[in-house]
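Because the structure is predicted, anything quoted here is derived from the model rather than measured.
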Amino acid sequence: MAVQWGWTRRTRGLGLSALAVCLLAVGCSDASEAETESESPATSGVDIYAFANGCYLLADADSGNGVGAADDAWAVGASDETPFRMQATALGSYLLYGPGGRMIAADGDDAVAATDEPGPLADWEVTAHDETLSFSNVETGKALALEGDELVQAEDEAGSWELDEASGCDDFPDIDPGTEGEPLTGDVDEPVRGFLDAHTHYSAFRFFGGKFHCGRPWSPYGVTVALKDCENHADGEVGAIAESMFSKGSFDDSHAQDGWPTFGGWPGPDSLTHEGTYWRWIERAWRGGLRVSVNHLVDNRALCELYPVVDVDECNDMASIRQQAVDMADLQDYIDAQSGGPGKGFFRLVTSPEEARKVIAEGKLAVVLGIEVSEVLDCGLSDGEPQCDAAQVDEGLDELHELGVRSVFPVHKFDNALGGTTYDPGVSGLIVNAGNQYVTGEWWAPEPCEPGAIPDNEVMSPQGTLTAFVDPLRDVFGDRIDPITQSNPPTYPPGPHCNPRGLTALGRRTIEGLADRGMIVETDHLSTAARSEALEILEARGYSGLITSHGWGDPEAQSRLVKLGGVVSPYASTLPGFVGSWRRAKAEAPEEFLFGIGFGTDTNGIGNQPRPRQDNENDPVEYPYTTFDGGTTMNQQVSGERTYDVNIDGVAHYGLFPDWIEDMRSLGGDEIVDDLAQGAEAYLQMWERAEAAAE
């Protein structure tokens, strides 16, 4: 898979299998980084990570003279020494950010110049040598050196430098979470208090070929790069049409596209192709009470192959998932770098409930990896034939476990070799059905439900209805869709509809294999028949490791799930809808298990986020407010030039979910907030029961 510069630099020299063993263990990858990239701070006497965000003069260690601007170049001994903000780009790498945003950058073969464009040419990797430092350019690999008094790049002879504390530095642009106070710490032996987001997509910037989604949760070069306007979302471009299609159900060719700093176009509750989980917004959610977050690695081969603008060499769900697992380790390292070194950031990838409890007790966010793709384990269908076998299922589950994945959807949007999907209704279902035909060679084949059977969603017949969308779809996907529209689209019988596909033999093996490994089974997206069969397998084992992270499923299936000790996390929709789901889940909850409820945000997953509560004029959320645990004061969040208010904006970005929960008090009182604050503990107890059953 092709990658953008800067995002995977940390994996240089590591094979994926070796990386996977280590990168998702708390603190493991950080140690290898320090060992391979520079001398250990403990032995060199200089902590190269502690420079992050500090204000320093860069001085020649031999003469003691500081660096200053000399026209468009840099030199030592200049009349005005320049204070630099050390802006971390990764663990041990920095932009030297000077007044007015001017930075030291590589230029030409051996030259060094000033630039105001953050990027690899301005990115310097620091190595400690006893009490001095050397700087190596990330793009050129050459060292920062002196030729006379002028800064140059050198192949073989690194300069000897010091960083002396200074004042007067400009601040590097970023977003303030808008909070005061620190999340509470605790004891690993005490129950966790905090929220559970059981379904989100921090790594969705990779999906559909890497060009569909506008923005990223982080950039090594800051918010101005991560949340910049997207060129292919300009008026008339394919990104603009795709945004309108997915967000508004129309085929307009324009939308407001401005991100940083005005955020006049996005993010927003209905803006489905733009970034909603910038890392500072994740930080605000954590500071507001989030303690466990399940990040589902996500992709869709059909949309990747059909979308005309991609940045990958191959559209393959599992290849994308492998890259996204590395991306999440890179995000962890980036946040560590901003926080002063390995293990110091709030964002911690965990692979066991024990690790999660340790992280949360330290006052940090435990992030679990899940997977939500249609061809999981490369187990697709082609003209009715499975594209995997039993050995591939076993090996694939082992690989997922090694990558750190602990929560798995056996089926997503399309029927696959493991089982049938629950249909999407309406126009969205029509488009997904076309994708099913593209990937598997077959249209969905719904049947009238037998008397008393629980139906799947009712679907539109492609015959006739699809033709109304052919021209607009061709504007987005080009003539790639012609084989779909020319494949004799069927007409379906009247509903209600049932998907006749349940679990296959390979699907049953997958459910058993997940339980054998203590992994969590995601029951949403399974057809009604497949879900019931999966529950039968888990009931026979008395296995608690299952979850509905969209809150889907018929009442009977949800009742069976909670009786096993599974967790319900309804989709974060309207407040009345969510409160109703909470009440139903609580009424079904068995006494032998702790009741706590999570929520599934599906942020970045082409799913609407909560809009403002209707009729909230009389009882709005009042800022500032205090979090449920009393540890943090939450102010209105400001991003660039935009000030957000959940009463007006809804959950425009991920950092506003604490505000949304605060708004729940208007409908569910303190009781619902208390039950949400038990969500993380309920999840960890479920996970512990699953691991115990697998031993």
Side-chain angles (χ1 to χ4, degrees), residues 177 179-200 282-294 346 348 350 353 356-368 547-549 551 562 565-573 575 578-589 591 593-601 610 621 624-634 646 651 654-688:
T179 66
E180 300 172 29
E182 293 294 330
L184 300 180
T185 57
D187 190 304
V188 292
D189 297 323
E190 295 176 352
V192 166
R193 289 278 291 164
F195 306 137
L196 161 69
D197 179 0
H199 192 112
T200 195
I282 300 173
E283 180 181 357
R284 188 175 196 274
W286 157 65
R287 291 184 180 278
L290 185 65
R291 294 296 174 265
V292 175
S293 178
V294 184
F346 72 88
R348 311 311 306 163
V350 300
R357 290 190 183 280
K358 177 178 181 293
V359 162
I360 296 167
E362 293 171 351
K364 299 180 180 181
L365 173 64
V367 181
V368 183
I547 192 169
T548 167
S549 62
V562 297
V567 171
V568 176
S569 290
Y571 186 73
S573 58
L575 282 185
F578 186 89
V579 171
S581 297
W582 159 66
R583 287 180 174 140
R584 288 190 295 273
K586 190 161 188 174
E588 290 281 351
E591 293 183 359
F593 303 116
L594 172 72
F595 177 73
I597 194 166
F599 50 89
T601 65
V621 171
Y625 66 89
T626 303
T627 52
F628 73 96
D629 57 8
T632 306
T633 298
M634 307 292 290
V646 74
V651 183
Y654 197 73
L656 297 174
F657 272 105
D659 308 48
W660 178 72
I661 292 173
E662 180 65 18
D663 202 18
M664 283 188 192
R665 295 184 191 275
S666 63
L667 298 180
D670 291 341
E671 183 183 0
I672 191 170
V673 178
D674 288 342
D675 286 345
L676 281 162
Q678 291 191 154
E681 177 63 28
Y683 182 88
L684 294 177
Q685 290 188 18
M686 174 271 290
W687 193 2
E688 287 165 341

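Considering only heavy atoms from C-beta on, F628 stays 4.5 Å or farther from L676 through its side chain. T601 places none of its side-chain heavy atoms less than 4.5 Å from the side chain of V651. Side-chain contact between I672 and R583 is absent, with no heavy-atom pair separated by less than 4.5 Å. Residues E182 and F346 are not in side-chain contact: their nearest non-hydrogen atoms beyond the backbone lie 4.5 Å or more apart. Residues Q678 and R193 are in side-chain contact: their nearest non-hydrogen atoms beyond the backbone lie under 4.5 Å apart. Between F595 and K586, the closest side-chain pair of non-hydrogen atoms falls below 4.5 Å. Using a 4.5 Å cut-off on side-chain heavy atoms (C-beta onward), R357 and E681 make contact.
Using cut-offs of 30° and 60° for the angle between ring planes, the F599 and F657 rings count as parallel.
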I547 vs Y683, side chain to side chain contact (heavy atoms under 4.5 Å, CB included): CA-CA, chis, key distance, verdict: CA-CA 9 Å; I547 192 169; Y683 182 88; 3.9 Å; yes
Step-by-step salt bridge (Lys or Arg N to Asp or Glu O under 4.0 Å) determination, E362 to R348: CA-CA 11 Å; E362 293 171 351; R348 311 311 306 163; over 6 Å; no
Step-by-step side chain to side chain contact (heavy atoms under 4.5 Å, CB included) determination, V294 to S549: CA-CA 9 Å; V294 184; S549 62; over 6 Å; no
Evaluation steps, side chain to side chain contact (heavy atoms under 4.5 Å, CB included), between L667 and W582: CA-CA 11 Å; L667 298 180; W582 159 66; over 6 Å; no
Intermediate values then yes/no, side chain to side chain contact (heavy atoms under 4.5 Å, CB included), L365 and V359: CA-CA 7 Å; L365 173 64; V359 162; 5.8 Å; no
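D675 CG to D670 CG: the interatomic distance, rounded to the nearest 0.5 Å, is 11.0 Å. Atom CG of residue L656 and atom CD of residue E662 lie 13.0 Å apart, to the nearest 0.5 angstrom. Note: D629 CG to F195 CZ = 8.0 Å, rounded to the nearest 0.5 Å. Note that the CD1 atom of I360 and the CG atom of L290 stand 9.0 Å from one another [nearest 0.5 Å].
Pairing each heavy atom of D663 with each of S666, the nearest pair is O-OG, 2.7 Å. Across all their heavy atoms, P658 and M634 have their closest contact at CB-CE, 4.0 Å. The two residues Y654 and S293 come nearest to each other via the heavy atoms OH-OG, 3.7 Å. Across all their heavy atoms, W660 and A572 have their closest contact at CH2-CB, 3.6 Å. Of all heavy-atom pairs between A680 and V192, the closest is CB-CG1, 3.8 Å. Nearest heavy atoms, L196 versus S569: CD2-OG, 3.7 Å.
For P183, the side chain to side chain contact (heavy atoms under 4.5 Å, CB included) partners are W286, R287, R291, not counting sequence neighbours.
Remark: side-chain polar atoms of Y625 are paired, donor with acceptor, to backbone N or O of D659 under 3.5 angstrom. A donor-acceptor pair is defined here as one N or O able to donate and one able to accept, closer than 3.5 Å; no such pair exists between the side chain of T632 and the backbone of T627.
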